[in-house]
Amino acid sequence: GENVEQHPSTLSVQEGDSAVIKCTYSDSASNYFPWYKQELGKGPQLIIDIRSNVGEKKDQRIAVTLNKTAKHFSLHITETQPEDSAVYFCAASEGGGFKTIFGAGTRLFVKA
Amino acid sequence: DARVTQTPRHKVTEMGQEVTMRCQPILGHNTVFWYRQTMMQGLELLAYFRNRAPLDDSGMPKDRFSAEMPDATLATLKIQPSEPRDSAVYFCASGLGAKNIQYFGAGTRLSVL
């Protein structure tokens, strides 16, 4: 089955700096890669996603890149703000199927 | 404001007791997922349904856990009997069609003493 590894487990950056979180997956059939943000006491919320026919996707300060050959994808947050502090999860699933496997999460701290 | 609603938000119970968690998916969504979140294991998929039919419950301990969808507006996750190791936050998520996007509820924090 699919296995998703996520690094780092904790990331601390200064406000205004960039943050990068990396994930690898094992199942070459996976073709949908969402990223979720979880704030304290809440459920994960989708912030951006990418499908296998696209190499990069941007939405304001966040971007995701995908390298299908190497089976890895990354989340990039630029100009970080204190409100970006949260736990971020990457995930992988096979389109058409719905089984989504999550990474272990990255706790991001943005210091003001 | 469409959202997934989970009840109860918190549950404290004693070992051996039955626990039932409920989820109301977003109206019109046809897939429902149950996840368990712990510090050690992260987010684990327990079971998921499509059009109320169970598609996969391989992540669920079969001897004590059961998941059902009595109707399109209600999904339940039951633990009987509960054990201290079941203490976790249980999330329900719903989605629509082949988009794979999942919308999570706020979770049920379960403590089994």
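Values reported hereafter were calculated over all heavy atoms of this structure, with side chains retained and with hydrogens, waters and symmetry mates removed. In what follows, chains carry the letters A, B, and so on, assigned in the order in which the sequence lines appear, proteins first and then strands, with residues in each chain numbered from 1.
Using a 4.5 Å cut-off between heavy atoms, Q6(B) makes no contact with chain A at all. Interface residue P44(A): backbone and side-chain heavy atoms are both found under 4.5 Å from chain B. In this structure, chain A has a heavy atom under 4.5 Å from the side chain of S58(B), while its backbone stays farther away. Contacts between R109(B) and chain A at a heavy-atom distance below 4.5 Å are absent for every atom of the residue.
Each salt bridge (charged side-chain N to carboxylate O under 4.0 Å, His left out) pair with one or both residues in residues 21-45 of chain B, not counting sequence neighbours, appears once here: R36(B)-E44(B). Applying the side-chain hydrogen bond (donor to acceptor under 3.5 Å, both in side chains) rule to pairs touching residues 102-112 of chain A yields Q6(A)-T106(A), sequence neighbours excluded.
Distance alone, capped at 3.5 Å, places no donor-acceptor pair between the Y48(B) side chain and the T100(A) backbone.
Within 6.0 Å of the CD atom in E79(A), the count of heavy atoms belonging to other residues, nucleotides or ligands does not exceed 12. Open room surrounds NZ on K11(B); 12 or fewer heavy atoms of other groups in view lie less than 6.0 Å from it. Summarising the local packing, CD of Q60(A) is surrounded by 12 or fewer heavy atoms from other residues, nucleotides or ligands at distances under 6.0 Å. At most 12 heavy atoms of other shown residues, nucleotides or ligands fall within 6.0 angstrom of atom CD in E14(B).
When the side chains of ILVMFWY residues are joined at heavy-atom separations under 4.5 Å, either directly or via intervening members, L46(A) and W35(A) end up in two distinct hydrophobic clusters. Each of M21(B) and V12(B) belongs to its own hydrophobic cluster when Ile, Leu, Val, Met, Phe, Trp and Tyr are linked at side-chain heavy-atom distances under 4.5 angstrom. In the hydrophobic clustering of this structure, Y25(A) groups with I101(A); members are Ile, Leu, Val, Met, Phe, Trp, Tyr whose side-chain heavy atoms approach within less than 4.5 Å, directly or through other members.
Within residues 68-77 of chain B, no residue has any heavy atom closer than 4.5 Å to a heavy atom of chain A.
In this structure, L27(B) shares a hydrophobic cluster with no other residue, the cluster being traced through Ile, Leu, Val, Met, Phe, Trp and Tyr side chains under 4.5 angstrom apart.
Closest approach of F104(B) and Q45(A) over heavy atoms only: O-NE2, 3.7 Å. Here the closest heavy-atom approach between residue Q38(A) and residue F91(B) is recorded as NE2-CZ, 3.3 Å. Heavy atoms only, all atoms of each residue included: Y32(A) and I101(B) are closest at OH-CG1, 3.3 Å.
Atom CZ of F102(A) and atom CD of Q102(B) lie 5.5 Å apart (nearest 0.5 Å).
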